[in-house]
Amino acid sequence: MKIASWNVNSLNVRMPHLVQWLRDAQPDIVALQETKLDDERFPDSQLAELGYRSVFCGQKTYNGVAVLSRLPFTGECVTAIPGFEDPQKRVLAATVGDVRIVDLYVVNGEAVGSAKFEYKLRWFEAVREWLRAELAAHPNLVVLGDFNIAPDDRDVHDPKRWREKILCSTPERDALRSLQALGLHDSFRLFNEDGGHYSWWDYRLAAFQRGWGLRIDLVLVSDALKARTTAAGIDLVPRGWERPSDHTPVWVQID
DNA sequence: ATGGTGGCAGAGCCA
């Protein structure tokens with residue numbers, strides 16, 4: 001089973017890219033972030049024609065998440081962090097077969113020390129406590145999405161320039177480590193220990209062409225799924241297409 | 001030190 005994550009930065013704009021990529025990459029499950037669409041406008045019938053069922057939790061202009069699957073969804077769908085008041089649509093949990101999928105669009109945080117940064121850390125802590133319960137109920141857990149955190153300096157094109165900046169700061173990395181301590185493994189690092197592999201490049205300054213990226217899109221797998229994970233990677237091709245998202249898809253193969 | 005690009009919406013916010 002191939003499971004992928006992609007921040008599309010507006011599904012309205014990126015629907016042709018998504019359709020092309022579904023054909024090319026043949027994922028079984030895809031988690032999307034930044035759909036920026038009200039639920040009434042989600043293109044579920046068009047995706048159904050391509051063989052994908054969808055669940056979604058959106059809002060216009062900002063945020064919005066969705067999960068697409070070739071196999072039927074089963075069990076409960078969750079569209080908010082339990083007990084955490086938040087008007088922003090950033091989380092979606094769904095079950096496919098024996099695998100629980102949690103799609104996250106983590107708060108960006110703007111700048112270290114800002115009000116949005118504090119919100120990011122509070123939000124992330126609430127997610128961790130939610131996932132503690134999800135993991136207890138669903139040992140086969142995949143937590144994937146736009147984490148807006150580069151796990152360590154190997155995931156940053158220029159660590160000096162990004163030192164203690166947003167997406168790379170110690171409090172953010174500590175929060176991610178605390179989440180992973182529940183028993184969630186960065187699937188990419190099961191197969192590749194090198195630096196220089198990125199999933200996001202700023203639109204400004206031709207960052208993609210210059211290789212100025214960060215690896216902030218992650219697929220975390222639980223202990224039980226780690227044993228079944230056979231490959232993981234980053235698909236750079238869609239980032240090179242005309243009018244791309246600033247993120248490119250990341251994926252994992254689970255047997 | 002700042003700005004640069006893109007999406008949404010129709011000016012500024014968010015990333």
Side-chain angles (χ1 to χ4, degrees), chain A residues 5-21 30-43 46 56-66 81 85-92 103-124 127 144-151 155-169 171-173 175-176 198-218 234 236-250:
Chain A
S5 173
W6 193 6
N7 180 326
V8 292
N9 186 19
S10 170
L11 190 52
N12 264 340
V13 173
R14 235 64 70 185
M15 189 61 180
H17 304 65
L18 176 62
V19 169
Q20 184 63 50
W21 188 73
V30 185
L32 303 176
Q33 305 87 37
E34 286 205 86
T35 55
K36 301 186 178 180
L37 276 178
D38 276 327
D39 289 346
E40 307 81 70
R41 302 185 59 197
F42 194 88
Q46 192 183 342
F56 38 88
C57 177
Q59 63 185 91
K60 67 174 184 176
T61 311
Y62 304 118
N63 309 310
V65 284
I81 306 166
E85 197 64 39
D86 189 3
Q88 303 191 13
K89 306 299 191 186
R90 296 180 172 277
V91 304
L92 180 56
D103 181 13
L104 301 180
Y105 173 46
V106 175
V107 177
N108 174 281
E110 189 188 24
V112 174
S114 67
K116 286 174 190 166
F117 184 72
E118 297 308 317
Y119 166 52
K120 180 178 196 172
L121 296 180
R122 279 203 323 280
W123 186 94
F124 207 87
V127 165
L144 74 175
D146 176 1
F147 279 71
N148 270 319
I149 301 172
D155 304 309
V156 182
H157 69 93
D158 186 349
K160 275 185 200 156
R161 176 183 174 149
W162 282 88
R163 190 173 171 278
E164 295 302 334
K165 295 280 195 285
I166 195 67
L167 315 182
C168 299
S169 74
E172 292 166 275
R173 286 176 170 174
L176 177 59
Y198 311 126
S199 66
W200 169 82
W201 300 259
D202 201 303
Y203 281 124
R204 294 165 286 193
L205 301 171
F208 181 63
Q209 287 72 16
R210 293 165 134 150
W212 293 353
L214 271 64
R215 192 175 67 92
I216 56 176
D217 298 270
L218 308 176
I234 302 173
L236 298 177
V237 173
R239 189 60 179 80
W241 288 342
E242 189 99 13
R243 204 181 181 188
S245 169
D246 46 351
H247 297 251
T248 213
V250 299

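Letters A, B, ... mirror the listed sequences (proteins, then strands); counts begin at 1.
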May I ask you to say what A:R90 touches in the nucleic acid, namely base, sugar-phosphate or nothing, with a heavy-atom cut-off under 4.0 Å? sugar-phosphate

Considering only atom C1', compute the distance from B:dG3 to B:dA9 and round it to an integer number of Å. 23 Å

Between P on B:dG6 and CG on A:L11, what's the gap in Å once rounded to a whole number? 19 Å

Would you indicate, yes or no, if B:dC14 has its OP1 or OP2 atom less than 4.0 angstrom from a side-chain nitrogen or oxygen of A:T61? no

Any side-chain N or O of A:K60 below 4.0 angstrom from OP1/OP2 of B:dC8? no

Among the nucleotides B:dG6, B:dA15, B:dC8, whichever has the atom closest to the side chain of A:Y203 is B:dG6

Can you see if the side chain of A:R14 gets near the phosphate of B:dG7 - specifically, an N or O under 4.0 Å from OP1 or OP2? yes

In whole Å, what separates the P atom of B:dA1 from that of B:dG10? 36 Å

Indicate whether OP1 or OP2 belonging to B:dG7 is found under 4.0 Å from a side-chain N or O atom of A:R243. yes

Charged tip of A:R161 within 45° of A:W212 ring normal and under 6.0 Å: yes

Report yes if the distance between the aromatic ring centroids of A:W6 and A:W21 is under 6.0 Å, otherwise no. yes

Quantified in whole Å, what is the P atom distance between nucleotide B:dT2 and nucleotide B:dC8? 29 Å

What is the distance, rounded to the nearest whole Å, between atom CD of A:Q209 and atom P of B:dG6? 10 Å

